Amino acid sequence: MLDEKLADISRSISSALKDIYGADADTTLKRGTRPGIEFFTPISFELGKSLGLEPRDVAQKIASRLKMDGTFSATADGAFLNISLSGALYADYFSHYHFKTFPANGKKINIEFISANPTGPLNVVSGRAAAVGLALSSLYRKFGWEVSREYYVNDHGNQMNIFASSLLKAYAERFKGETAEYAENEYTGPFTGEIAEEIGDIIEKAPGGDRIKKEAVKAVIGRIKGTLKNISLDFDRWFFESSLYETGENEGYVLDTLRKKGLLYEKDGALFIKNTALGDSQDWVLKKSSGEYTYLFGDIMYHIDKFRRGYDKAINIWGPDHLSGAVRLIRALTAFGIPEEFLSVIILQQVNLIKDGRKIQMSKRTGNFIGLDEILDSVGADPTKYFFLSKGTSQHIDFDFDAFEKESEKSPVFYLQYMFARINGVLLKKYGVDLDGFLDSEKADELELGEISPMQKEIIYTVYVLEAVCAEALTKNEPAMVMNHMNEIAKKFHRFYQGERILGSEREEELLGFIVKLGGAVRSVLTFMGINAPQRM
RNA sequence: ACGCCAAUAGCUCAGCUGGAUAGAGCAACGGAUUUCUAAUCCGUAGGUCGCAGGUUCGAAUCCUGCUUGGCGUGCCA
């Protein structure tokens with residue numbers, strides 16, 4: 001209803017402009033950029049310019065021309081025309097408010113993220129991907145998409161072979177007392193030893209071969225799932241790269257199609273895809289001279305598979321090292337009739353891990369590593385997720401492990417959670433039930449907000465804006481926008497709460513109604529972003 | 001060398017179809033509350049928005065050049 005009112009006002013401004021100046025202009029109201037300013041239009045600047053008028057006069061004239069009926073006010077501040085809606089409108093809006101999930105829009109989306117190689121534990125970067133992927137999938141669900149979360153397991157190719165041979169050496173070293181010579185590219189860290197131990201039986205029975213790889217993958221994935229459980233993330237599908245190579249059918253299809261289109265050629269004993277013909281800056285190797293397929297080849301097969309599964313859209317969340325790979329893949333896919341818009345790749349920028357005041361170079365191979373588990377253990381899942389969710393995806397970020405550990409009790413996530421806990425606290429004191437209990441009672445049916453204070457109005461305004469922020473966050477694939485907006489709500493709430501005692505107030509009933517509504521909203525958003533909403537802290 | 005990403009307070013980061021006085025948290029300093037949990041609130045201090053041009057009534061935001069850091073660049077994944 002606020003939307004309608006705003007559209008209404010916008011139309012009034014348009015017709016005022018038409019009447020006075022005979023001018024047509026876009027008078028869509030923008031959200032305020034300063035505290036206390038709800039909506040505004042800078043139209044006077046543009047009109048002043050094009051009509052050769054003084055902008056502030058234009059703003060003045062329109063303001064006085066608008067027929068205000070008490071539901072809003074329009075004031076000219078310099079050349080800005082500011083609009084403010086009445087408290088009654090906000091109160092009415094909020095008394096019907098709930099954090100919406102839109103009805104199904106019939107579209108299916110596949111969101112693939114983390115997809116770390118099954119050769120080591122998850123690290124900080126995976127943590128960032130996990131938090132962002134989780135929140136992003138919620139965003140799509142909110143707007144009616146059918147979302148499928150997917151983890152791509154790179155269990156095919158050379159890294160796996162190297163990992164397998166490392167396991168054999170680690171096993172021999174640990175349990176046979178042999179000294180192993182590791183090659184430059186082999187995995188020497190403690191994790192490798194642990195996995196070797198875990199699948200020791202298999203190594204004993206069938207040294208060598210695919211069986212070891214398979215068991216190793218299973219063991220590593222098992223651990224990864226354990227880590228993900230700690231952040232309440234589960235995937236709808238674990239897709240194994242190796243499954244693409246099972247029958248040879250996929251390889252044949254890709255190669256045949258490219259050959260038919262003249263997009264495949266051989267050079268120096270390797271097979272190339274002619275991506276330059278698809279708008280890319282260079283051609284790429286699909287099959288190495290050694291006879292092995294490259295990662296790109298697998299990716300092409302994988303995304304053809306995704307496309308065939310009937311998704312309307314696919315999103316991949318990748319690390320910065322895959323930056324150039326995105327264009328490469330998207331271009332290549334067009335050769336198979338997959339439109340460019342099908343796949344969006346979000347590049348999650350780097351996370352520098354700072355320890356002892358220094359940037360540490362992590363390596364799965366050598367085990368020089370601070371795992372996600374370790375971080376979750378020492379600072380907790382919510383602070384970790386919040387940390388990643390409050391930063392834009394393209395931002396390079398520093399994760400200072402020491403500072404984080406030391407200051408984890410001050411994490412800004414608690415600021416949000418405390419808002420929810422405070423609301424529950426009041427309800428518990430008054431009714432002996434928490435928010436859920438209250439909402440189940442018949443009391444919940446008779447919420448009236450009455451006449452709201454300016455501070456309440458500000459809070460409701462911020463909640464109202466949240467909807468638009470979510471929509472923007474979706475189109476920009478930036479969950480951080482939502483998280484940061486929650487901070488604003490919390491800031492206003494805490495100020496309100498500090499300054500106004502609810503129980504015992506003349507407006508007690510109405511204020512209770514207000515915080516119940518707010519509590520519901522806060523819980524929805526937090527849960528939706530993958531953050532706990534605790535009733536007590 | 002080329003391509004992509006970034007650069008905002010001491011630190012970590014917001015600031016998103018160009019708007020008004022650039023904002024939070026942490027760190028520093030000063031206050032409030034013997035509470036509906038102070039995990040809070042109020043205040044002080046802290047900025048040539050990397051540099052230089054340009055476009056615009058208006059630029060942290062758009063364009064160009066440069067600097068610095070990161071990632072990548074035909075057979076790593």
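Protein chains get the first letters and strands the later ones, always in sequence-line order, with residue 1 at the start of each. Just so it is clear, the model here is predicted, and its values are computed rather than measured.
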S.K.: Is the shortest distance from a Lys or Arg side-chain nitrogen in A:E150 or A:K306 to a carboxylate oxygen in the other one below 4.0 Å?
M.R.: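 Between A:K306 and A:E150 there is no salt bridge, as every charged N stays at least 4.0 Å from the carboxylate O atoms.
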S.K.: Closest to the A:Q498 side chain: B:C36, B:C41, B:C71?
M.R.: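 So the nucleotide nearest the side chain must be B:C41.
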S.K.: Can you work out whether A:E292 or A:Y418 has the more 5'-proximal nearest nucleotide on RNA chain B?
M.R.: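 Whichever sits nearer the 5' end wins; that is A:Y418.
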S.K.: Between A:E340 and A:R331, is there a salt bridge with N-O shorter than 4.0 Å?
M.R.: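 Counted as a salt bridge, because a side-chain N and a carboxylate O are separated by less than 4.0 Å.
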S.K.: Taking NZ, NE, NH1 and NH2 as the nitrogens, is one of them in A:E251 or A:K287 under 4.0 Å from a carboxylate oxygen of the other?
M.R.: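 Looking at A:K287 together with A:E251, the answer is no, because their closest N to O distance does not fall below 4.0 Å.
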S.K.: For the pair A:H156 and A:Y245, name the ring-plane relationship: parallel under 30°, tilted 30 to 60°, perpendicular over 60°.
M.R.: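 Parallel, since the angle between the ring planes stays under 30°.
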S.K.: How many whole angstroms separate atom OH of A:Y415 from atom C1' of B:U40?
M.R.: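 That distance rounds to 8 Å.
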S.K.: Suppose you measure atom C1' in B:C51 against the same atom in B:U67; what distance do you get, rounded to whole Å?
M.R.: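 Straight-line distance between the two C1' atoms is 7 Å.
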S.K.: Side-chain N or O of A:K288 less than 4.0 angstrom from OP1 or OP2 on B:C75?
M.R.: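 Looking at the OP1 and OP2 atoms of B:C75, neither is under 4.0 Å from any side-chain N or O of A:K288.
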S.K.: Whom does B:C75 pair with, Watson-Crick or G-U wobble, provided both distances fall under 3.5 Å?
M.R.: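 With both distances under 3.5 Å required, B:C75 matches none.
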S.K.: Where the side chain of A:R328 is concerned, which of B:C41, B:A77, B:C36 is the nearest nucleotide?
M.R.: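 My answer, after comparing the listed nucleotides, is B:A77.
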S.K.: When you compare B:G18 with B:C63, how far apart are their C1' atoms, in angstrom units rounded to a whole number?
M.R.: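 Taking atom C1' in both B:G18 and B:C63, they lie 13 Å apart.
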S.K.: At 4.0 Å (heavy atoms only), tell me whether A:G425 reaches a base, stays on the sugar-phosphate, or touches nothing.
M.R.: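 If one applies the 4.0 Å heavy-atom cut-off, A:G425 turns out to touch the sugar-phosphate alone, with no base involved.
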S.K.: Quick one: label A:E508 by what it contacts on the DNA or RNA (base, sugar-phosphate, nothing), any heavy atom closer than 4.0 Å.
M.R.: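 No contact at all - A:E508 keeps every heavy atom at 4.0 Å or more from the nucleic acid.
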S.K.: So what does A:R501 touch, heavy atoms closer than 4.0 Å: a base, only the sugar-phosphate, or nothing?
M.R.: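 If one applies the 4.0 Å heavy-atom cut-off, A:R501 turns out to touch a base.
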S.K.: Parallel, tilted or perpendicular: which one describes the rings of A:F39 and A:Y461, with boundaries at 30° and 60°?
M.R.: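 It falls in the perpendicular class, over 60°.
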S.K.: In whole Å, what is the span from the CD atom of A:E54 to the C1' atom of B:G58?
M.R.: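 Distance, rounded to whole Å: 14 Å.
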S.K.: Determine the interplanar angle of the A:Y302 and A:F239 rings, folded into 0 to 90°, and report it as parallel if under 30°, tilted if 30 to 60°, perpendicular if over 60°.
M.R.: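 Rings of A:Y302 and A:F239: tilted, as their planes differ by 30° to 60°.
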S.K.: Does A:K492 have a side-chain nitrogen or oxygen under 4.0 Å from the phosphate oxygens OP1 or OP2 of B:A24?
M.R.: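 Result: no.
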S.K.: Does a side-chain N or O of A:R495 approach OP1 or OP2 of B:C42 to a distance below 4.0 Å, or not?
M.R.: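 For A:R495, the contact criterion (side-chain N or O under 4.0 Å from OP1 or OP2 of B:C42) is met.
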S.K.: Considering every strand shown, what is the Watson-Crick or G-U wobble mate of B:A14 when both distances are under 3.5 Å?
M.R.: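 Its partner is none (no Watson-Crick or G-U wobble pair with both distances under 3.5 Å).
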S.K.: Taking for each residue the nucleotide of RNA chain B with the nearest heavy atom, is it A:L503 or A:Q349 whose nucleotide lies nearer the 5' end?
M.R.: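 Final value for this comparison: A:Q349.
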S.K.: Rounding to a whole Å, what distance do you find between A:I330:CD1 and B:C4:P?
M.R.: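 Nearest whole value for this atom pair: 15 Å.
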S.K.: Pick the P atom in B:A9 and in B:G3, then give their distance to the nearest Å.
M.R.: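 The same atom, P, in both gives a distance of 28 Å.
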S.K.: Answer yes or no: is there an ion pair linking A:K457 with A:E38, defined by an N-O contact shorter than 4.0 Å?
M.R.: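 Between A:E38 and A:K457 there is a salt bridge, with a charged N closer than 4.0 Å to a carboxylate O.
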S.K.: Tell me the interatomic distance from A:I502, atom CD1, to B:C36, atom C1', rounded to whole angstroms.
M.R.: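 The distance from CD1 of A:I502 to C1' of B:C36 comes to 6 Å, rounded to the nearest Å.
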S.K.: Using the P atom as the reference point in each nucleotide, state the distance between B:C62 and B:A14 in Å, no decimals.
M.R.: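 Comparing P positions in B:C62 and B:A14 gives a spacing of 15 Å.
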S.K.: Does the distance from a Lys or Arg side-chain N to an Asp or Glu carboxylate O, for A:E54 and A:K61, drop under 4.0 Å?
M.R.: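 Looking at A:K61 together with A:E54, the answer is no, because their closest N to O distance does not fall below 4.0 Å.
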S.K.: Both distances below 3.5 Å, Watson-Crick or wobble geometry, any strand: find the nucleotide opposite B:A59.
M.R.: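 Checking every strand shown, B:A59 finds no partner, since no pair has both distances under 3.5 Å.
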S.K.: Across all strands shown, which nucleotide pairs with B:A28 by Watson-Crick or G-U wobble geometry, both distances under 3.5 Å?
M.R.: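 Per the H-bond distance test, B:U44.
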S.K.: How does each nucleotide of nucleotides 12-21 of chain B score, in 5' to 3' order, for protein heavy atoms under 4.0 Å: base (B), sugar-phosphate only (S), or none (-)?
M.R.: SSS-B--BBB
S.K.: Check every strand shown and say whether A:D268 touches a base, only sugar-phosphate, or nothing at a heavy-atom separation below 4.0 Å.
M.R.: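 Here A:D268 touches the bases of the nucleic acid.
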S.K.: Rounded to whole Å, please give me the gap between NZ in A:K410 and P in B:A24.
M.R.: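 It works out to 19 Å between those atoms.
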S.K.: When you compare the side chains of A:N117 and A:T119, does any donor N or O come within less than 3.5 Å of an acceptor on the partner?
M.R.: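 Short answer, no.
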S.K.: Pick the P atom in B:C13 and in B:G70, then give their distance to the nearest Å.
M.R.: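 Result for the P pair: 15 Å, nearest Å.
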S.K.: Students often mix this up, so state it plainly: with edges at 30° and 60°, are the rings of A:F297 and A:Y293 parallel, tilted or perpendicular?
M.R.: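 Parallel, since the angle between the ring planes stays under 30°.
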S.K.: Select base, sugar-phosphate, or nothing to describe what A:N487 touches, counting heavy atoms under 4.0 Å on all strands.
M.R.: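 Nothing, no heavy atom under 4.0 Å.
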S.K.: When the C1' atoms of B:U17 and B:C11 are considered, how many whole Å apart are they?
M.R.: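 Here B:U17 and B:C11 have their C1' atoms 32 Å from each other.
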S.K.: Using the P atom as the reference point in each nucleotide, state the distance between B:G23 and B:C16 in Å, no decimals.
M.R.: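 The same atom, P, in both gives a distance of 12 Å.
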S.K.: Who does B:A52 pair with, Watson-Crick or G-U, both distances under 3.5 Å?
M.R.: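 By the stated definition (distances under 3.5 Å), B:U64 pairs with B:A52.
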S.K.: Got A:T276 and A:S281 here, is their nearest side-chain heavy-atom distance under 4.5 Å?
M.R.: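 Counting from C-beta outward, A:T276 and A:S281 never come under 4.5 Å.
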S.K.: Using atom P of each nucleotide, how far apart are B:A22 and B:C5 to the nearest Å?
M.R.: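 Rounded to whole Å, the distance is 28 Å.
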S.K.: Going through the distances and angles, do A:Q456 and A:R507 end up as a side-chain hydrogen bond (donor to acceptor under 3.5 Å, both in side chains)?
M.R.: CA-CA 13 Å; A:Q456 284 178 281; A:R507 303 170 53 222; 2.6 Å; yes
S.K.: Specify the residues of residues 529-537 of chain A, ordered by number, for which at least one heavy atom lies under 4.0 angstrom from an atom of RNA chain B.
M.R.: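 By residue number: A:Q535, A:R536, A:M537.
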S.K.: Among B:C41, B:C5, B:A39, which nucleotide has an atom closest to any side-chain atom of A:F414?
M.R.: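 So the nucleotide nearest the side chain must be B:A39.
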S.K.: Do any side-chain nitrogens or oxygens of A:S394 fall under 4.0 Å of OP1 or OP2 in B:A6?
M.R.: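 Yes, within the criterion.
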S.K.: Counting only Watson-Crick pairs (N1-N3 plus N6-O4 or O6-N4) and G-U wobbles (N1-O2, O6-N3), all under 3.5 Å, who is the partner of B:A20?
M.R.: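 Base-paired to nothing in any strand shown.
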S.K.: Would A:K391 pass as a cation-pi partner of A:F387, given that its NZ or CZ must be under 6.0 Å from the six-membered ring centre and within 45 degrees of the axis?
M.R.: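 Yes.
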S.K.: For A:Y293 and B:C76, what is the distance between atoms OH and C1' respectively, to the nearest whole Å?
M.R.: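 For the pair A:Y293 OH and B:C76 C1', the rounded distance is 18 Å.
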S.K.: Could you tell me how far apart A:L286 (CG) and B:A77 (P) are, to the nearest whole angstrom?
M.R.: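 So the CG-P distance, A:L286 to B:A77, works out to 12 Å.
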S.K.: Roughly how many Å is it from CG in A:L296 to P in B:C76, rounded to a whole number?
M.R.: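 Taking CG of A:L296 and P of B:C76, I get 13 Å after rounding.
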